[in-house]
2 protein chains.
Amino acid sequence: MAEKLQIGKLAEATGTKVETIRWYEKVGLIAPPARTGGNYRAYSPDDLARLSFIRRARDLGFSLDQVRALLDLATDPGRDCGSVDELTTGHLAEVDRKIADLTALRRELAILLTSCRGGTVSDCRILEAFGPSTAQAE
Amino acid sequence: MAEKLQIGKLAEATGTKVETIRWYEKVGLIAPPARTGGNYRAYSPDDLARLSFIRRARDLGFSLDQVRALLDLATDPGRDCGSVDELTTGHLAEVDRKIADLTALRRELAILLTSCRGGTVSDCRILEAFGPSTAQAE
DNA sequence: CTTGACCCTCTAGCGACTACAGGGTGCATA
DNA sequence: TATGCACCCTGTAGTCGCTAGAGGGTCAAG
């Protein structure tokens, strides 16, 4: 048997919080590990590899459902690699869409900011841009 | 007295879902409106203006807490406009950070994709990039 | 008098965690 | 042996900004 890791060590090794690991177990992303006599979770190097995979995919912005799909693909070596490419391409498109949205937002905010010349709220051009009648009693 | 709006009309006029309006009321973003005999919410044009303000700010990506702050500022005409500028500047910086993060992500994903040459999962370069030992039994 | 569109309250769910509260374990040190 | 401390356990509730549903009431038209 290979050496076992306590949850804290696994957390440290993968840059994950302990609670997050327990949560991944709860939602079925990692299997419930063996337990010690004192009921501590005891993880194997395989668990370390799986969690590293998960974290890497999460860092790349994949959702947990997408991670699940990637794990399924990864554990089935005969499967067509095209599915992985597809998933990644879809995710890339999503990221592109978010960047475009944020860039449009950024432009609007920048325009708003150029209109601020100080003074009081009553003649604030930023607030003006928010609606026809901004000031209103509570 | 000005004409009153039912919640559905207010929703339509502001592009908001009915449930969202009730939720804004619950979290104190808009005041509980008058009620009709049948216990229906009856909104004034002032409410319409306030909700429009809220939606506009939300569309610009401000959080509800930030919207609350903006509303507080907007209802206090003597206040220094600089606070509004500050809030907006901070938000813009946040948006810039998100764009930078997503752009870095995008680059990584694009690199990953160029490495896919088809074939089976066992020699998939994308999955390889996810960890030292990707394939693992459940 | 019934149909249908609208409204009401209350509760639970989404994603992906995070943060307790209230306890047990294991090891070192006095 | 006692005690302190770091670590672990379970379970629940909170975060953000809604969204969806159950189970009912209101109102105007046909």
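The structure displayed is predicted, hence computed values, not measured ones. Here is the naming used below: chain letters follow the sequence lines, and residue numbers restart at 1 for every chain.
Atoms CD (Glu25(B)) and C1' (dC18(D)) sit 15 Å apart, rounded to a whole Å. Rounded to whole angstrom, the span from the CG atom of Leu51(A) across to the C1' atom of dC17(C) amounts to 14 Å. Taking atom OH on Tyr43(A) and atom C1' on dC9(D), their separation rounds to 12 Å, with Å as the unit. The distance from atom CD1 of Ile7(A) to atom P of dG26(C) is 16 Å, rounded to the nearest whole Å. We find that CD of Glu19(B) is positioned 8 Å from P of dT19(D), with the value rounded to whole Å. In this structure, NZ of Lys26(B) is placed 14 Å from P of dC8(C), rounded to the nearest angstrom. Between the CH2 atom of Trp23(A) and the C1' atom of dA16(C) there is a distance of 4 Å, rounded to whole Å. Counting to the nearest Å, the P atom of dT19(D) and the CD1 atom of Ile21(B) are 11 Å from each other.
Counting non-hydrogen atoms under 4.0 angstrom, Ser63(B) reaches the backbone sugars and phosphates but no base. Within the 4.0 angstrom heavy-atom criterion, base atoms lie near Arg22(B).
Along DNA chain D, the nucleotide nearest Phe62(B) and the nucleotide nearest Gly37(B) are compared for position; the residue whose nucleotide lies closer to the 5' end is Phe62(B). Of the two residues contacting DNA chain D, namely Asn39(B) and Asp65(B), the nearest-nucleotide position lying further toward the 5' end is that of Asp65(B).
In this structure, Arg41(A) does not reach the dC7(D) phosphate: none of its side-chain N or O atoms is under 4.0 Å from OP1 or OP2. Between Thr20(A) and the phosphate of dA16(C), there is no side-chain N or O to OP1/OP2 separation shorter than 4.0 Å. At the phosphate of dT25(C), neither OP1 nor OP2 sits under 4.0 Å from any side-chain N or O atom of Thr36(A). Side-chain nitrogen and oxygen atoms of Lys17(A) include at least one within less than 4.0 Å of the OP1 or OP2 phosphate oxygen of dA19(C). Contact check, Tyr24(A) against dA16(C): no side-chain N or O comes under 4.0 Å of OP1 or OP2.
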Expected rows: protein N/O vs nucleotides 28-30 of chain D N/O, under 3.5 Å:
none

### Query
Step by step, would you call Arg50(B) with Tyr43(B) a side-chain hydrogen bond (donor to acceptor under 3.5 Å, both in side chains)?
CA-CA 11 Å; Arg50(B) 190 177 174 92; Tyr43(B) 293 98; over 6 Å; no
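Taking Arg106(B) as the reference, Asp96(A) meet the salt bridge (charged side-chain N to carboxylate O under 4.0 Å, His left out) condition, with sequence neighbours excluded.
Of the candidate nucleotides dA19(C), dC8(C), dA16(C), dC8(C) has the atom nearest to the side chain of Arg35(B). Relative to the side chain of Gln6(B), the nucleotides dC8(D), dC18(D), dC7(C) differ in distance, and dC7(C) lies closest.
The shortest heavy-atom contact between Thr14(A) and Ser52(A) is CG2-OG, 3.9 Å. The minimum heavy-atom distance between Val18(A) and Gly8(A), with the atom names listed, is CG2-CA, 4.1 Å. Of all the heavy atoms in Lys9(A) and Leu5(A), the pair that sits closest is CB-CD2, 3.8 Å. Shown here for Gln66(A) and Gly61(A), the closest heavy-atom pair between the two residues is OE1-O, 4.3 Å.
If you check distances only, the side chain of Tyr40(A) does reach the base of dG24(C) with a donor-acceptor pair under 3.5 Å.
Hydrophobic clustering (side-chain heavy atoms under 4.5 Å, transitive across Ile, Leu, Val, Met, Phe, Trp, Tyr) groups Leu60(B) together with Leu29(B).
Of the candidates Leu102(A), Ile99(A), Asp101(A), Leu102(A) is the only one forming a side chain to side chain contact (heavy atoms under 4.5 Å, CB included) with Lys98(B).
Remark: Arg68(B) engages Asp65(B) in a salt bridge, criterion side-chain N to carboxylate O under 4.0 Å.
For the helix from dC1(C)-dG30(D) to dA30(C)-dT1(D), the axis fitted to the five pairs at one end and the axis fitted to the five pairs at the other end meet at an angle of 30° (nearest 10 degrees).
There is no side-chain donor-acceptor pair under 3.5 Å between Thr88(B) and Asp85(B).
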